[in-house]
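Note sheet for the following structure.
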Amino acid sequence: MLSYFLRRLVGLVPMFLVVSFISFAIIQLPPGDFVTTKIAQMSAAGDSGSLARAELLREQFGLNDPFLVRYWNWLSGVVVGDFGVSVMFEGAEVSTLIGEGFFLTVLLGGVSLALAWSLAIAIGIYSATHRYGIADYSFTFLGFIGLAVPPFLTSLLYVFAAVFIFGADQAGGLFSPEFRNAPWSFSRVYDLMGNMWFPVAVLTLAGMAGTMRIMRGSLIDVLNQQYIATARAKG
């Protein structure tokens, strides 16, 4: 078993190299680069020193180097955990941005998964033991909505309703504008808790729909077994 695991682990190395090389090459195929876009935005804003800054940025990020040199610099940095700095976020460490995004993803996924399973099991048991009632039909309708409507469409409907019906200043995002780039503090955590309820609700609805229907159907099958009827007859 250990030898099989080691062989599979070693086989990941050439696969990673091939996939990373192809991905890096595809990213380089379109003409121009992010610096070109950034400089165009600066020029439109009236920045007279945008062209000089463009050359400095290209030298800083190695965009004037040959393709293989850029790939090697990127690969050698990734191996030691150095993903470089971000142009979009004004020189922020890419590893820091990935870490924060990974933490928020795990947080949303974990909370949504726990709620989805908890609600799905409870609702499935209730629907199976109270079949063909108003609550059962309501939960069945909710489950079909969760199965039929993808989460991204539910999110778009929420954004539309929040902006055009309720007149909200912002719709979406885990942080208010003043906390998006702020350092972590109790106020930022409190703001996160206040803004994460909707994405959690969307993910929970999508995750609980299928589990709820499976739980209901499986429990109904079990309740119709002969040993259940025998147990009920014996009190």
Side-chain angles (χ1 to χ4, degrees), residues 5-6 8-30 33-38 41-42 53 56-63 65 67 69-118 150-152 154-156 158-159 170-207:
F5 175 76
L6 292 176
R8 300 294 293 180
L9 187 62
V10 172
L12 288 176
V13 176
M15 182 181 298
F16 169 77
L17 292 175
V18 172
V19 172
S20 64
F21 183 84
I22 294 176
S23 301
F24 194 87
I26 291 176
I27 293 175
Q28 306 299 318
L29 286 179
D33 48 44
F34 189 83
V35 172
T36 304
T37 305
K38 185 74 173 178
Q41 295 174 353
M42 294 171 59
R53 188 177 179 185
L56 292 176
L57 289 175
R58 287 194 173 90
E59 289 294 332
Q60 177 183 354
F61 292 101
L63 298 177
D65 296 332
F67 170 78
V69 174
R70 281 182 282 139
Y71 173 73
W72 172 252
N73 291 335
W74 172 81
L75 183 63
S76 59
V78 169
V79 172
V80 297
D82 180 14
F83 294 92
V85 295
S86 171
V87 181
M88 179 180 296
F89 292 94
E90 300 297 335
E93 291 288 338
V94 175
S95 57
T96 303
L97 298 175
I98 293 176
E100 182 171 341
F102 180 78
F103 165 73
L104 295 175
T105 300
V106 171
L107 177 64
L108 286 179
V111 174
S112 303
L113 184 63
L115 285 176
W117 278 84
S118 301
F152 75 87
T154 308
S155 303
L156 290 177
Y158 160 75
V159 172
Q170 67 165 9
L174 295 177
F175 297 101
S176 301
E178 62 271 18
F179 289 105
R180 286 174 183 169
N181 298 319
W184 284 101
S185 62
F186 177 79
S187 299
R188 194 168 191 243
V189 173
Y190 182 79
D191 183 73
L192 172 63
M193 296 297 105
N195 287 295
M196 70 179 293
W197 65 269
F198 176 74
V200 167
V202 171
L203 295 174
T204 299
L205 178 61

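Small disclaimer: the values here were computed from a predicted structure and weren't measured.
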If every non-hydrogen atom of A116 is compared with every non-hydrogen atom of G207, which pair is closest and at what distance? CB-C, 4.0 Å
Residues which pass side-chain contact (heavy atoms from CB on, under 4.5 Å) with T154, listed by chain and number, not counting sequence neighbours: V149, V202
Can I get a per-line list of side-chain donor-acceptor pairs under 3.5 Å for residues 8-20, giving both atom names and the distance, sequence neighbours left out?
unit_1 : atom_1 : unit_2 : atom_2 : d
S20    : OG     : F16    : O      : 2.9
S20    : OG     : L17    : O      : 2.9
S20    : OG     : Y71    : OH     : 2.9

Residues in salt bridge (Lys or Arg N to Asp or Glu O under 4.0 Å) with R188, at least two apart? E100
Output all residues satisfying ring pair (Phe, Tyr, Trp, His ring centres under 6.0 Å) with F179, sequence neighbours left out; order by chain, then residue number. none
Pairwise distance CZ(F103) to CG(L108) - rounded to 0.5 angstrom: 9.5 Å
Using the side-chain hydrogen bond (donor to acceptor under 3.5 Å, both in side chains) rule, collect all pairs that involve residues 74-84, keeping only residues at least two apart or in two chains. none
State, to 0.1 Å, how close N195 and L174 come at their nearest heavy-atom pair, and which atoms those are. CB-O, 3.3 Å
Excluding sequence neighbours, so at least two apart, what forms ring pair (Phe, Tyr, Trp, His ring centres under 6.0 Å) with F67? F21, F24
Shortest non-hydrogen separation from A114 to S118 and the atoms involved: O-OG, 2.7 Å
Which atom names give the shortest non-hydrogen contact between S95 and G81, and what distance separates them? CB-O, 4.2 Å
Using the side chain to side chain contact (heavy atoms under 4.5 Å, CB included) rule, take L115 and L203 through it: C-alpha gap first, then chi angles, then the decisive distance, then the call. CA-CA 9 Å; L115 285 176; L203 295 174; over 6 Å; no
How close do L192 and F175 get, heavy atom to heavy atom, and via which atoms? CB-CE2, 3.7 Å
Whether the side chain of N73 engages the backbone of V69 through a donor-acceptor N/O pair (distance < 3.5 Å, no angle test) should be reported. yes
